[in-house]
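Both backbone and side-chain heavy atoms feed into the values below; hydrogens, waters and symmetry mates do not. Just so we're on the same page: letters track the sequence lines, and every chain starts at 1.
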Amino acid sequence: MTEPIIKFDKVVKAFGSFVVLNKLDFEVKPGEKVTIIGPSGSGKSTVLRILMTLEPITDGVVYVDGQPLWHEKSEDGSLKPAGEPHLRKMREKMGMVFQQFNLFPHMTVRRNITEAPIQVLGIAKSEARDRANELLEMVGLTEHADKYPHQLSGGQQQRVGIARALAMRPKIMLFDEPTSALDPELVGEVLNVIRKLAEEHDLTMLLVTHEMNFARQISDRVCFFDQGRMLEEAPPEELFTNPKEQRTREFLKAVLEGN
Amino acid sequence: MDWTQYLNPLMQGALVTIELTIYSTILGAILSFAAGIGKTARNPVIKVIAATYIEIFRGTSLLVQLFWLYFALPVAGQAMGIDLRLPPVVAGVLALSLNIGAYGAEVVRGAIQAVSKDQYEAAKALNFTPRKTLWRIALPQAIPEMMPAFGNLAIQNLKDTALVSLISLSDLAFRAEQLRNFTQDSTTIYTMALFMYFGLALVLTAMMKLLERYVSRWRVGAR
Amino acid sequence: MLFGIPWDTSSNLAFAVSILPILLIGLWVTIQATVLGFFIALVVGLVWAALKAAPTRVISWPAAVITEFLRDTPLLIQLFFLYYVLPEFGIILPAFMTGALALGLQYSAYTSEVYRAGIEAVPRGQHEASRALNLTGRRTFTHIVLPQAIPRIIPAMGNYLVSIMKDVPLLSVVTVLEMLNVARIIGDRTFNYLIPLTMVGGLYLIMTLIASGGVRFLDRRLPKTGIPLK
C-alpha cells in the first residue's frame, strides 16, 4: 500500500472560538485527483489553505510527502512547531490556483509565469522563458504572453494562474474554487485546462469546487465535508448516485436542483 | 532702487532655494521609504525606531526641529565632549529632510498596506521571500498610489525651505528680507518674492505630475 | 527672568522646572494664535469654497487662482508681507493679529478644498431624492447636504488645526511671544538652548497628541452617516 502524499491527522483549526476543522482525518494518495465538496463554512478551502501554509493549524499534525508540514522534528525526535525555513522547503511541493486569480497586475502574462522560477528557484532567464512558453501553449494563451492581466478575460486570467503555479513544478496542485469567480460562459475554458492536466499528468490534484458534473468527470474520489469533518468519501459515481449519509443526500439534492 | 535691480539678488536666493529643495526632497524620499518600510517590518526593534522617528518629527514644529538642530545640538555635544555644531546648510537640509521624511513615511506605509492581501498570498504560495515580495510585488503596486501625496509633500517642502532663512541661509526668503531691510520697499520686494515662489511651485508641480505619469506605467491600468 | 518669573540655573533640573511656567505662558499664546488662526481659516475657507462653486467663471476663476497662490507660497513670506505691507496701506494691526491673519489666510486655501470635497462626497442620490420630494435648494443644503458633509470634513479640519499649531512658531519672527520665541530668548540669555528647546519639543508633542486624540474622539462620536436630526 502506497504512503499517502497528504495526511491530515486529527487536525483542528479554530479561528478564535469558531472551530472550522474538527479533528479532521483525511488522506490523499500520490497521483490521486480528489474533489472536496460541501456547504460554505464546512472547512473545504481551509484544508487547501493549510496545505499551502497560508493558515497554521491549531492542533493535530499535517503530513505532506511523508514529512510533517506545520511541525518539524527537534533533536530529541519529538515534534515542535515549524520555523520558516522548514515551511519554505515544504511549500515547494505545492502549487495553488486561487478563486480570485491573484495575478500580479504590474507584470505581463509571461512575466507572471517566469518571475517565481527566476527569483525563487534561481532558474536562468532563458530556461524560465522556455518553460513559460510550454505552459502558455498548454493553457492556450501563447498569443497573449505580452499582455497585462487587466487586458484579459477572467477565464484567461485564471488559465494564467494555473500556468504560473505549474511553472514551479509542484508535486501537488491545489485548486480553491477556481471557477467560482467567473462568468458562466468562461467556466468551460478553465475546466478544460484542468481536465487536460488531470488526464495527461500524474500530479496529485486537490480540487474544491461547486461544479459537480466536472468533479464527476475527473475525480478519482469525491469527499463531502460538513462542519469541519469529512462526512463521506467515495468514487464519484458511487457518491453522486448512492450517497450513504443523510446530510450528503440533502446537500446533493439542494445543489443538483439548483444546477 | 527699482524692481529690476531686485531681480539679481532674488534670483541668487532662488537658486539656493532650488538647491535646498532638491537635496531635502531626495534625502526626505530616502527617509520616507526607510521609515515607511521599517514601520511595516516584523522586527520589533526596527518597527519601534521607525515609529518613534515618525511620531517625533510629525508631532513637532519644523521650526522647533530646525532651531533644535542648529542651537541645541551643539550644547548637547559640548556636554558629551564632541563638536556637534552644524553649519547652517547642514542643519537646514537635515531638518527639512527629517521633517518631510516623517510625513512621507506615513504615505509609504499606507500605500504598502493598501496592496491587496491576495497579492501577498499569491506571492507566498509561489514561495517568494518577504523581501522579494516587498520589492518585486508590493512596492511596484504601491508606488503609483503614493505619487499624488508625494506631489503635495514636495510643494510643502519647497515652502518650508523659506524657514532656513531664519538661521541665516541665503535663500530667496533671506535675500528678500535683506533687501527689505536695506530699501524699506516691502511691497515690491515681497510681492516679487511671492511670485517667484509661486513660479517655482508651478514648475515643481509639473515635474511631479510627469513623475506620476512615468510611474503609472507600473500600475498599467490595474483596477 | 522673563514675564517677571526668574529662573534657577543651579542645576539642570532646577533650570528646567523654573522655566516651565515661562514656557507655559508662551504655550498659552500659541494656543490662542492657533484657535484664532483656525477660526479665520474656517470662515475665509468657506468664502473661497462658495466663490469657487459659483456658476460664472468671472467669480470662480479668480478665487481658484488666489487659493492656489496662497497654497503654493511660503507662510513665512506671507507673514512678512502682511507685517510690513499692511501698515503702508494704513492698516496697523498688533503683531499677534497679523500672525493669526497670516495663518488663517494660508490655511483658508486648504480648508476651502476640504469643504468642496466634503460636499461633493455626499452621494448624488441625496440631491435627487430631495428634488423628488420637492425640497427647496436651501433646505436641501442646510438639512440634507450639510449634516452629511460635516462628519466627513472633521478629520481633515482637525488635522489642519494640528498643522496650524505647528506653524505658530513662525510668528516669532514678527515678535509674537509664542512658545518657541520664549525658549529662544531664554537660550539667548543663559546660553543654554538645549533644555528650553527640548522642553518646547516635548510640549509640542504632548499638544499634538492631545489635539489628534481630540479629533479622533470627535470623529468616532459623530456617526458616519451624518449629524442626527430628530
Side-chain angles (χ1 to χ4, degrees), chain B residues 17 55-79 99 103 152 155-156 158-166 171-174 176-177 180-181 184-205, chain C residues 12 30 65 68-89 106 110 159 162-173 178-181 183-184 187-188 190-209 211-212:
Chain B
T17 295
E55 268 318 298
I56 292 182
F57 282 90
R58 265 164 49 113
T60 52
S61 165
L62 172 57
L63 193 55
V64 173
Q65 294 158 16
L66 181 62
F67 276 14
W68 198 92
L69 282 174
Y70 190 60
F71 292 114
L73 191 59
V75 178
Q78 252 179 349
N99 192 31
Y103 284 97
N152 287 331
I155 301 288
Q156 186 62 43
L158 172 64
K159 293 194 293 177
D160 286 339
T161 58
L163 291 182
V164 306
S165 66
L166 300 174
D171 74 327
L172 180 50
F174 185 77
E177 174 65 4
R180 186 208 59 83
N181 237 329
Q184 297 302 312
D185 188 4
S186 316
T187 318
T188 318
I189 294 172
Y190 278 120
T191 307
M192 284 175 76
L194 282 173
F195 274 98
M196 286 174 85
Y197 271 107
F198 190 48
L200 287 174
L202 290 177
V203 169
L204 186 56
T205 307
Chain C
N12 277 341
T30 300
V65 172
E68 191 62 26
F69 192 80
L70 287 172
R71 277 169 80 114
D72 288 349
T73 48
L75 177 58
L76 185 64
I77 310 287
Q78 293 172 6
L79 182 59
F80 278 144
F81 186 84
L82 289 174
Y83 188 66
Y84 291 119
V85 171
L86 283 183
E88 289 193 13
F89 289 92
Q106 158 104 166
Y110 293 113
N159 284 331
V162 177
S163 293
I164 291 177
M165 187 168 61
K166 287 188 273 181
D167 274 339
V168 167
L170 261 80
L171 271 48
S172 60
V173 309
E178 50 69 55
M179 205 166 43
L180 181 64
N181 206 359
R184 199 183 48 79
D188 286 342
T190 63
F191 295 109
N192 186 342
Y193 290 100
L194 181 60
I195 293 183
L197 284 177
T198 310
M199 286 174 74
V200 165
L203 283 168
Y204 256 107
L205 261 178
I206 295 174
M207 292 304 296
T208 316
L209 286 171
S212 304

Could you measure the distance from the [atom1] atom of [X] to the [atom2] atom of [Y]? Nearest 0.5 Å is fine.
| X | Y | atom1 | atom2 | result |
| --- | --- | --- | --- | --- |
| C:Leu203 | B:Thr60 | CG | OG1 | 11.5 Å |
| B:Ile189 | C:Phe81 | CD1 | CZ | 12.0 Å |
| C:Phe191 | B:Gln78 | CZ | CD | 11.0 Å |
| C:Thr198 | B:Leu73 | OG1 | CG | 9.5 Å |
| B:Ile155 | C:Arg71 | CD1 | CZ | 9.0 Å |
| C:Arg184 | B:Leu166 | CZ | CG | 9.5 Å |

Query raised in the report: Which residue out of B:Leu172, B:Leu158, B:Thr191, B:Leu62 racks up the most heavy-atom pairs below 4.5 Å with chain C?
Result: B:Thr191
Requested in this report: Using a 4.5 Å cut-off on heavy atoms from C-beta on, say whether the side chain of B:Lys159 contacts that of C:Leu75.
Outcome: no
Query raised in the report: Is there a side-chain contact between B:Leu63 and C:Ser172, using heavy atoms and a 4.5 Å cut-off?
Result: yes
Requested in this report: Could you look at C:Leu205 and say if it's the side chain, the backbone, both or neither that has a heavy atom under 4.5 Å from chain B?
Outcome: both
Query - Identified side chain to side chain contact (heavy atoms under 4.5 Å, CB included) partner of B:Trp68 from the options C:Leu180, C:Leu194, C:Val200 - result: C:Leu194
Query raised in the report: Highest number of heavy-atom pairs under 4.5 Å with chain B: which of C:Val162, C:Leu197, C:Thr208?
Result: C:Leu197
Tell me, for [X] versus chain C, whether the close heavy atoms (under 4.5 Å) come from the side chain, the backbone, both or neither.
| X | result |
| --- | --- |
| B:Tyr103 | side chain |
| B:Ala176 | neither |
| B:Glu177 | side chain |

Might you point out which heavy atoms bring [X] and [Y] nearest each other, and give the distance in Å?
| X | Y | result |
| --- | --- | --- |
| C:Lys166 | B:Ser61 | O-OG, 2.7 Å |
| C:Leu76 | B:Ala162 | CD2-O, 3.2 Å |
| C:Pro169 | B:Val64 | CG-CG2, 4.3 Å |

Query - Aromatic plane relationship, C:Tyr84 with B:Tyr190 - under 30° parallel, 30 to 60° tilted, over 60° perpendicular - result: parallel
**Report entry** Candidate pair B:Leu194 and C:Gln78, rule side chain to side chain contact (heavy atoms under 4.5 Å, CB included), full reasoning
**Finding:** CA-CA 8 Å; B:Leu194 282 173; C:Gln78 293 172 6; 4.1 Å; yes
